[in-house]
Amino acid sequence: MTQKLNIAHRIFEIFLKSLSRTPKPKIVGKDHLGNSYYEQEQRQAGKPASRFYEALGDDREYFDKPIPAEWEAWLRGRREAPSEEEVTKNIATQKVIKQRAVELQRKDDLERQKSINEGVLKQVDSQEKKEKRTYVLILKANDIAIFVLK
C-alpha cells in the first residue's frame, strides 16, 4: 500500500513540475564563426546550469563545424565565458604560429635540398611507400648513419 502511495506521490510531483515554466536560456556570447552560446538555469537547486550552443547554418552540418577551444572549455564547465578580445587575440596568435611553421618548413626544405646538392645527403626512394623519402647521410669517414625523415 505504501508503495502505491509513493508512486502516486511521485507522479503528482512530476505533474506539478510540468506545469511550471522552464527558465528561458540566456545568451552568453557569440564567436567569430557565428555560433551562439547559451546558459539555462536549472529548476532544481544544486544542479549546474545547462550550457549549449547553436551553430550558424544547416542542421546537418551542426556537429561537423569547429568551435573555438575557449568556448568548448566553457561548454564543458571548465572555465568562465571567454571575452571577444581573448578569442581575437588567440586567433591572431594561431595565425602567427601557422606562418612561422610555413616559414620553418620552407627553410628546412631549402637546407635539405642544399645538402642533397652538395652530396652530404643522398635521396633514396623508399620501397614501402613511394611518396615517403629516406635520406642517407654520407660521411667521409668509415661511419655511415641512416636517417629516416618523415
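For the single chain, residues carry numbers from 1 onward in sequence order.
Open room surrounds CD on E80; 12 or fewer heavy atoms of other groups in view lie less than 6.0 Å from it.
Nearest approach of N35 to P66, heavy atoms of both residues: ND2-O, 3.9 Å. Across all non-hydrogen atoms, the minimal contact from G29 to W71 is CA-CH2, 3.9 Å.
Note that NZ of K24 is 9.5 Å distant from OH of Y38, once rounded to the nearest 0.5 Å. Note: D31 CG to E84 CD = 10.0 Å, rounded to the nearest 0.5 Å. Once rounded to the nearest 0.5 Å, the distance linking CZ of R51 with CD of Q40 reads 13.0 Å. Separation of atoms CD1 (I7) and NE2 (H9) is listed at 13.0 Å; rounding is to 0.5 Å.
Note on E13 versus R10: salt bridge recorded, some NZ/NE/NH1/NH2 to OD/OE distance being below 4.0 Å. Using a cut-off of 4.0 Å between Lys/Arg side-chain N and Asp/Glu carboxylate O, E72 and R76 are scored as salt-bridged.
Side-chain contact between R112 and D108: present, with at least one pair of heavy atoms (C-beta onward) separated by less than 4.5 Å. Between Y53 and L75 the shortest side-chain heavy-atom distance falls below 4.5 Å.
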Handout entry: Test side-chain hydrogen bond (donor to acceptor under 3.5 Å, both in side chains) applied to N117 and Q113, step by step
Key = CA-CA 6 Å; N117 292 341; Q113 190 60 40; 3.3 Å; yes
Practice task
Assess whether salt bridge (charged side-chain N to carboxylate O under 4.0 Å, His left out) is satisfied between D109 and R106, documenting all intermediate values.
Solution key: CA-CA 5 Å; D109 290 344; R106 190 176 306 131; over 6 Å; no
Problem - Full working for side-chain hydrogen bond (donor to acceptor under 3.5 Å, both in side chains) between N90 and Q94 - result: CA-CA 6 Å; N90 289 343; Q94 289 174 358; over 6 Å; no
Problem - Step-by-step side-chain contact (heavy atoms from CB on, under 4.5 Å) determination, W74 to I67 - result: CA-CA 11 Å; W74 176 81; I67 61 173; over 6 Å; no
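In the hydrophobic cluster analysis, where Ile, Leu, Val, Met, Phe, Trp and Tyr join through side-chain heavy atoms closer than 4.5 angstrom, V28 is grouped apart from L33.
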